[in-house]
Amino acid sequence: MDDRRPPRLYLTARLAPGAEFAPEAGQAHYLRSVLRLGAGAAVAAFNETDGEWLCRVAEIGKGGARLTVEHQLRPAEPEREPDLWLVFAPIKRARLDWLVEKATELGVSALLPIWTARTQVGRVNLERLRAHAIEAAEQSERLSIPELRAPQPLERILAAWPAGRRLLICDESGAGAPISEVAANLPPGPTALLVGPEGGFDETELDAVGKLSFVTRIGLGPRVLRAETATLAAVAVFQAIAGDWRRIRTR
């Protein structure tokens with residue numbers, strides 16, 4: 001492992017030259033047992049506030065690890081990921097883990113699971129999903145991780161919807177305009193994508209949501225998509241047309 005591409009670790013600790021810190025037990029295990037790093041090895045620690053810093057393993061063993069911060073590799077970004085929320089009904093475990101991982105890679109800023117009439121999953125392990133989001137951020141070289149909120153009923157989250165944030169609902173009934181057209185005409189500003197459960201929204205839910213002034217119905221083409229496919233397709237199209245895929249990767 002060379003200094004040009006050291007393994008990345010997301011840390012909430014303050015990063016500054018000369019600082020020392022101990023990674024969490026799971027991170028220390030990953031460095032020692034999976035990557036098999038020893039003293040002196042390079043690690044890139046990062047967070048959205050301090051940017052990315054080159055660190056060295058000062059100590060590592062079964063009891064944990066200690067890293068020393070050397071110098072900054074990448075400053076905190078003045079332009080973070082677009083203010084794009086992903087509001088979604090939870091699906092079965094393996095597919096949900098994959099959805100969170102890929103949504104993080106695609107650049108969503110917040111993940112908001114919701115309960116709907118047809119949601120088939122009754123429990124969400126937020127700690128596990130956060131771990132997947134962190135791993136995806138480390139792999140994709142983003143500096144932040146998306147905010148992950150506790151699940152809420154759809155009607156509750158809509159009742160407290162923040163003023164000024166648009167909500168694009170993926171409407172499987174065919175009543176929505178193509179997402180490409182909607183995204184191309186969106187003014188800049190906070191946005192959210194809403195994707196329903198397997199089997200789609202209940203007709204009553206769809207009608208109620210569609211009447212809200214901040215909601216726009218969108219369509220995802222002529223085929224019926226699985227929930228996780230619809231979710232990531234919507235995020236990808238939004239990012240390509242109205243999000244940060246219009247920026248050039250500078251690193």
Side-chain angles (χ1 to χ4, degrees), residues 1-82 84-86 90 93-113 123-151 244 249-251:
M1 186 72 64
D2 60 40
D3 289 353
R4 290 175 297 172
R5 295 187 64 84
R8 302 179 80 237
L9 286 183
Y10 177 80
L11 296 166
T12 56
R14 185 64 191 270
L15 301 173
E20 292 189 354
F21 61 89
E24 295 179 0
Q27 293 176 317
H29 172 78
Y30 174 72
L31 296 178
R32 182 179 67 87
S33 300
V34 179
L35 298 181
R36 300 187 180 279
L37 300 186
V43 176
F46 70 96
N47 60 48
E48 58 270 26
T49 303
D50 301 318
E52 188 167 350
W53 292 73
L54 180 68
C55 305
R56 295 284 175 183
V57 177
E59 297 177 2
I60 192 164
K62 292 183 178 180
R66 184 168 58 85
L67 305 183
T68 302
V69 181
E70 291 193 348
H71 61 266
Q72 192 174 56
L73 298 171
R74 180 178 165 198
E77 296 173 343
E79 292 185 60
R80 295 185 185 178
E81 286 72 28
L84 176 63
W85 291 2
L86 177 58
R93 174 174 173 168
R95 289 157 55 203
L96 179 59
D97 293 347
W98 185 81
L99 185 154
V100 167
E101 174 187 302
K102 300 310 174 187
T104 300
E105 291 180 21
L106 291 172
V108 302
S109 61
L111 296 160
L112 290 75
R123 180 178 174 272
V124 173
N125 186 328
L126 294 177
E127 184 177 347
R128 189 186 77 246
L129 294 184
R130 177 176 167 80
H132 282 291
I134 289 174
E135 289 176 6
E138 291 170 347
Q139 186 277 331
S140 62
E141 297 192 5
R142 67 182 282 179
L143 292 177
S144 65
I145 61 170
E147 177 187 0
L148 179 59
R149 299 192 184 178
D244 67 357
R249 185 172 183 269
T250 56
R251 188 175 179 184

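The figures here come from the full heavy-atom set of this structure, side chains too, leaving out hydrogens, waters and symmetry mates.
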Side chain R56, main chain G40, donor-acceptor under 3.5 Å: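 Yes.
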
task: Give a yes or no answer on whether the side chain of E138 reaches the backbone of Y10 with a donor-acceptor pair at less than 3.5 Å.
output: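 Yes; judged by distance alone, with no hydrogens or angles, the pair exists.
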
Partner set under side-chain contact (heavy atoms from CB on, under 4.5 Å) for [X], not counting sequence neighbours:
| X | answer |
| --- | --- |
| A103 | L86, V108, L111, L232 |
| A45 | L11, L15, F21, C55 |
| A39 | none |

message: Using the side chain to side chain contact (heavy atoms under 4.5 Å, CB included) definition, which of the options V100, V124, L99 pairs with P90?
response: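 It is V124; the other options fail the test.
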
Listed partners of [X] passing side chain to side chain donor-acceptor pair (under 3.5 Å), at least two apart:
| X | value |
| --- | --- |
| R93 | none |
| N47 | D50 |
| S144 | E81, R142 |
| N125 | none |

Any side-chain heavy-atom pair from [X] and [Y] closer than 4.5 angstrom?
| X | Y | answer |
| --- | --- | --- |
| P113 | L96 | no |
| I145 | R130 | yes |
| R8 | F46 | yes |

Non-hydrogen atoms of [X] and [Y] that approach each other most closely:
| X | Y | value |
| --- | --- | --- |
| A65 | P23 | O-CD, 3.3 Å |
| A137 | T104 | N-CG2, 3.9 Å |
| P6 | A44 | CG-CB, 3.8 Å |
| L143 | P75 | CD1-O, 3.6 Å |

query: In Å and rounded to the nearest 0.5 Å, what is the OG1 to CG distance from T68 to L54?
result: 11.0 Å

field: Atom pair CG (L67) and CD1 (I60), whose distance is rounded to the nearest 0.5 Å
entry: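 Nearest 0.5 Å value for the CG-CD1 distance: 7.5 Å.
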
query: Got a sec, which pairs hit salt bridge (charged side-chain N to carboxylate O under 4.0 Å, His left out) with one end in residues 27-48, sequence neighbours left out?
result: none

field: Selection residues 98-110 - residue pairs positive for salt bridge (charged side-chain N to carboxylate O under 4.0 Å, His left out), sequence neighbours left out
entry: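 For residues 98-110, and leaving out neighbouring residues, the salt bridge (charged side-chain N to carboxylate O under 4.0 Å, His left out) pairs sorted by first residue read K102-E105.
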
- request: Please step through side-chain contact (heavy atoms from CB on, under 4.5 Å) for the pair L31 and L9, ending with a clear verdict.
  value: CA-CA 10 Å; L31 296 178; L9 286 183; 3.8 Å; yes

- prompt: Of all residues at least two apart in sequence or in a different chain, which pass the salt bridge (charged side-chain N to carboxylate O under 4.0 Å, His left out) check with R149?
  reply: E147

task: Output every pair passing side chain to side chain donor-acceptor pair (under 3.5 Å) with a member in residues 16-27, not counting sequence neighbours, ordered by first then second residue.
output: E20-R66

message: Applying ring-ring contact (aromatic ring centres under 6.0 Å, His included) as the test, list every pair that has at least one member in residues 53-75; sequence neighbours left out.
response: none

